[in-house]
Amino acid sequence: MATPLSDTSPYPLKTIAVVGLGTMGTGIAEVLATAGREVVGIDVSEAAAAKAVAALETATARAVERGRLTEQERADVLARIRTSTDLRAAADADLVIEVAPESYEIKHQIFRELDAIVRPETILATGTNALSVTRLAADSARPERVLGLHFFNPAPAMKLVEVVSSVLTAPTAVTAVTDLAVDLGKEPVAVGDRPGFVADGLLFGYLNQAAAMYEAKYASREDIDAAMRLGCGLPMGPLALLDLIGVDTARTVLEALYAESQDRLHAPAPILKQLSEAGLTGRKSGRGFYTYEAPGSATIVRDALTPTEGSAQTTGREVRSVGVAGSGTMASGIAEVFAKAGYEVVLAARSEEKAQTAKARIGKSLSRSVDKGRMTAEAAAQTLARIDAAGSYEAFADVDLAVEAVAEDLEIKRQLFQTLDKVCKPGAVLATTTSSLPVVACARATSRPQDVIGMHFFNPAPAMKLVEVVRTVLTAEDIHATVREVCVRIKKHAVDCGDRAGFIVNALLFPYLNNAIKMVQEHYASLDDIDAAMKLGGGYPMGPFELLDVVGLDVSLAIEKVLHREFRDPGLAPAPLLEHLVAAGCLGRKTGRGFREYARR
């Protein structure tokens, strides 16, 4: 007698049918068979089924070469997989996983046919990453056994599986597939039914914004990608990732997300449509945002948009000495970077005591580098000797480059630039490290706005390789050339961008963080599940809530407000939960409590 899904014990999932044998379906079949399940692979195309078998043979042969399987285990895995072009082959399955194209019509047709084929207790799972699971379930004869099971590509390697419940799904079905995911060596996260679920809902909004940023000619494709890799520690830049996913696939997902959410951040950037309709779909076609060696190749080749090395037409000004204004972590980190590169550095603060404290912090940092074998004690001593601590900005009289790293407050910065204008010699470069304020406002506080530029370092400055070089409409070409040359000497990767709120990194990062907060605020998923989803499914080094607590919720809120004020997009309005936590003094790790609680030191 069949076990009903209302029973409290999970139904054993021994035989599993996979409908749709594209890359994802084939990968899921491999994972299931390797874990000892009997697998029925089904595809309407005989060619697709044959291709899947060949891919499985290749993948398992590679696993033997790498010592992950023995020859006997490989034979057993392949013996557990059979393929068919007839959906009726799923008749004996305990679970059917559908990974057909992202189309309601196609998926509805498959589910309607399965209703007449499978047993009443068989669980039906859709692998959709954007369509409504509830809508698919509602048209099923037994909606309580329908749920979402979203694997990530490549399925054998990616650990994340999103288990998606609708209001109709039986808890025992959720338990059964969750247990299966764990048995497969995956990390399941429970999510509700909303566009994109967790990982894609957050990821594709970010990718879309990056495409729009490039389309607006705000920054080059190389600079956008480098900024997100080096500034956020991501394995790939957003435009390269769009090429990997497929520009057409991304457009389809975003259209589905926008249809459900009506969030303008999900409205596909026009360039995605233009590239798709031109057949420039990314790696698979050999050209998308980048040009590739051949269709399917991962090797990027030069094209008409590739920057020419050493093509700068303007020569920069000579920089021998650098002034760093400020006494905090960022100021001391920047001073350390310049001193290590051989520059004479004046580290100035509002008092001699503050300046000496900042220099002592650099001394400790250099000692740690010596202890870790990164530099000799002699080199550390020489570096520290290049730094002169001063209690007045008058000490900047002879510097060639002055870099301010004071509080992120426009009035404080304007007053400082008025002072720098008076004390710095003619021809000195004046730079601000602001991450969110208008550089031109600092420039206008001086009598020489053409000499002012943004140099946005990332914290900790000695470790982070990225510097966003921010030109205003008034910045002179030789000032820009000077800063680019200095970045090379201090061994930082410079990316160019205009004077716009958030520049590249924060403009792409903080809307993503804000959307994650909205998910928690709406009780859609837990902090832990969202953090796990983005680390496992998106390759992020930290989950959004881990990162928010590190950055500081007050700092994050301030940046969100600046972005919302500049771009006037309702989707950029700070999440109320973030505002409430900041008002309560829960600012993250620095106060011992933010989205999570931390042990007090």
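Note that the structure is predicted; figures quoted are calculated from it, not measured.
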- Given Glu546, which of Arg596, Arg589, Lys535 fulfils the side-chain hydrogen bond (donor to acceptor under 3.5 Å, both in side chains) condition? Lys535
- Residue pair Met213, Ile504: steps toward the side chain to side chain contact (heavy atoms under 4.5 Å, CB included) verdict: CA-CA 8 Å; Met213 179 182 280; Ile504 297 174; 4.0 Å; yes
Side-chain donor/acceptor of [X] to backbone N/O of [Y], under 3.5 Å:
X: Tyr218; Y: Gly498; answer: yes
X: Lys186; Y: Met158; answer: yes
X: Asp554; Y: Val582; answer: no

In chain order, what residues pass the salt bridge (Lys or Arg N to Asp or Glu O under 4.0 Å) check against [X], with sequence neighbours excluded?
X: Arg229; result: none
X: Glu162; result: none
X: Asp263; result: none
X: Asp388; result: none

[Y] versus [X], side-chain donor and acceptor atoms under 3.5 Å:
X: His266; Y: Ser261; answer: yes
X: Tyr598; Y: Asp549; answer: yes
X: Glu408; Y: Ser436; answer: yes
X: Asp193; Y: Thr134; answer: yes
X: Asp225; Y: Tyr290; answer: yes

Between [atom1] of [X] and [atom2] of [Y], what distance do you get to the nearest 0.5 Å?
X: Asn514; Y: Leu557; atom1: CG; atom2: CG; answer: 9.0 Å
X: Lys561; Y: Glu579; atom1: NZ; atom2: CD; answer: 5.5 Å
X: Ser365; Y: Lys340; atom1: OG; atom2: NZ; answer: 5.5 Å
X: Thr419; Y: Phe396; atom1: OG1; atom2: CZ; answer: 10.5 Å
X: Met375; Y: Gln382; atom1: CE; atom2: CD; answer: 8.5 Å
X: Cys442; Y: Leu430; atom1: SG; atom2: CG; answer: 10.5 Å

- Task: Mind checking ring pair (Phe, Tyr, Trp, His ring centres under 6.0 Å) for Phe458 and listing every partner two or more places apart, or none if nothing turns up?
- Result: His456
Please find the pair of heavy atoms, one from [X] and one from [Y], that lie closest to each other, and give the distance.
X: Val322; Y: Phe338; value: CG2-CD2, 3.8 Å
X: Leu347; Y: Gly326; value: CD1-O, 3.5 Å
X: Ile453; Y: Val470; value: CG1-O, 3.2 Å
X: Lys413; Y: Thr434; value: CE-CB, 4.0 Å
X: Leu160; Y: Ala199; value: CD2-CB, 4.2 Å
X: Leu548; Y: Leu553; value: O-CD1, 3.4 Å

- Below 4.0 angstrom, N of the basic side chain to O of the carboxylate: do Lys518 and Glu522 qualify? no
- Message: I'd like to know if Asp243 pairs up with Arg221 as an ion pair, taking the criterion as any Lys NZ or Arg NE/NH1/NH2 lying under 4.0 Å from an Asp or Glu carboxylate oxygen.
- Response: no
[X] side chain near [Y] side chain, heavy-atom distance below 4.5 Å:
X: Ile412; Y: Leu410; answer: no
X: Phe289; Y: Ile271; answer: yes
X: Val452; Y: Val440; answer: no
X: Ser327; Y: Thr357; answer: no
X: Leu527; Y: Val520; answer: yes
X: Arg568; Y: His564; answer: no
X: Val551; Y: Phe510; answer: yes
X: Val495; Y: Phe503; answer: no

- Item | Audit row: Leu508, Met228, side chain to side chain contact (heavy atoms under 4.5 Å, CB included) steps and yes/no | CA-CA 8 Å; Leu508 296 179; Met228 299 313 292; 3.9 Å; yes
- Query: salt bridge (Lys or Arg N to Asp or Glu O under 4.0 Å): which pairs involve residues 451-468, sequence neighbours left out?
  - Reply: Arg317-Asp451
- Tell me the salt bridge (Lys or Arg N to Asp or Glu O under 4.0 Å) pairs involving residues 345-363, sequence neighbours left out? none
- Message: Here's one to test your reading of the geometry: is the NZ or CZ of Arg489 within 45 degrees of the ring axis of Tyr343 and under 6.0 Å from its centre?
- Response: yes
- Note on the structure: Applying side-chain contact (heavy atoms from CB on, under 4.5 Å) to Val174 and not counting sequence neighbours gives Leu147, Val163, Ser165, Thr169, Thr178
- Task: Please list, chain by chain and in numerical order, all residues satisfying side-chain contact (heavy atoms from CB on, under 4.5 Å) with Ala501, sequence neighbours excluded.
- Result: Val562, Leu563, Glu566, Phe567
- Message: Under the side-chain contact (heavy atoms from CB on, under 4.5 Å) test against Pro188, which residue among Val182, Asp529, Val177, Leu180 passes?
- Response: Val182
- Residue that, paired with Asn208, satisfies side-chain contact (heavy atoms from CB on, under 4.5 Å) out of Leu265, Leu272, Val253: Leu272
- Query: Using the ring of each side chain (for Trp, its six-membered ring), is Tyr540 parallel, tilted or perpendicular to Tyr512, with breaks at 30° and 60°?
  - Reply: parallel
- Note on the structure: Asn153 meets the side-chain hydrogen bond (donor to acceptor under 3.5 Å, both in side chains) criterion, sequence neighbours left out, with none
- Query: In chain order, what residues pass the side-chain hydrogen bond (donor to acceptor under 3.5 Å, both in side chains) check against Thr252, with sequence neighbours excluded?
  - Reply: none
- Task: Mind jotting down which residue pairs meet the ring pair (Phe, Tyr, Trp, His ring centres under 6.0 Å) criterion with at least one end in residues 351-377? Sequence neighbours excluded, please.
- Result: none
- Residue pair Asn129, Phe151: steps toward the side chain to side chain contact (heavy atoms under 4.5 Å, CB included) verdict: CA-CA 9 Å; Asn129 62 350; Phe151 287 79; over 6 Å; no
- CZ of Arg444: more than 12 outside heavy atoms within 6.0 angstrom? no
